[in-house]
Every structure is written in C-alpha cells, then in structure tokens.
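Please read the structure below before turning to the comments.
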Amino acid sequence: VRDVDRGGNILVVKTLEGHASGIAFLLDRLRRDDLVGTLAGDDTILVVARDEKAAEALEEELGGLLV
C-alpha cells in the first residue's frame, strides 16, 4: 500500500503496480461487516465502507500498511 485517501465512506488505495487485485482479493476474503466491497485496477483499489465511521477506521488501518 503506497497511499490511502478517503472521501465519505469511500477509500482510494494506491498500491505498487500490479498488486491492487491481490490486496483487494485479501480485503474481500476478510468478510468484514464494515466493508461493502472493493474494485481493483492495476495499482488502485476503490474500497466502499459501510459508513463514514467504518471508512475512517479502515483508512487508519490501511495507512499502517504504507511502504
């Protein structure tokens, strides 16, 4: 994870090139109630959280993975 940005209940997660789908797959496999789903490209993941509070917590959590 290279960067995390949030707007409301949506997060945009930037990854190293070619890693977005793998990270999105892992996020989806967690089956968390606070996570609605993900959509991945080559180096970007759109993460939809259940609400703004959940998105804020996810932002902090994913921010801890920054390289």
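The structure presented is a predicted model; accordingly, all values stated were derived computationally and were not measured.
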Legend entry - side-chain contact (heavy atoms from CB on, under 4.5 Å) evaluation trace for Asp43 with Leu16: CA-CA 6 Å; Asp43 65 352; Leu16 296 173; over 6 Å; no
What's the separation between atom [atom1] in [X] and atom [atom2] in [Y], rounded to the nearest 0.5 Å?
X: His19; Y: Arg2; atom1: NE2; atom2: CZ; value: 11.0 Å
X: Ile10; Y: Leu39; atom1: CD1; atom2: CG; value: 11.0 Å
X: Ile45; Y: Phe25; atom1: CD1; atom2: CZ; value: 13.0 Å

Looking only at heavy atoms, what is the nearest atom pair of [X] and [Y], with distance?
X: Arg6; Y: Glu59; result: NE-OE1, 3.0 Å
X: Asp33; Y: Arg50; result: O-NE, 3.0 Å
X: Leu58; Y: Ala49; result: CD1-CB, 3.9 Å
X: Thr44; Y: Thr15; result: N-OG1, 4.4 Å
X: Gly8; Y: Ala55; result: O-CB, 3.5 Å

Does one hydrophobic cluster hold both [X] and [Y], with members joined at side-chain heavy-atom distances below 4.5 Å?
X: Leu35; Y: Val4; answer: yes
X: Leu27; Y: Val1; answer: yes
X: Leu26; Y: Leu65; answer: no
X: Leu46; Y: Ile23; answer: no
X: Leu66; Y: Val12; answer: no

Legend entry - Salt bridge present between Arg32 and Glu61 (N-O < 4.0 angstrom): yes
Legend entry - Those residues that, when tested against Asp51, pass side-chain contact (heavy atoms from CB on, under 4.5 Å) (two or more places apart): Lys53, Ala54
Inset, instruction - Using distance alone, with no hydrogens and no angle criterion, decide if Thr38 and Asp28 have a side-chain donor and acceptor under 3.5 Å apart. - result: yes
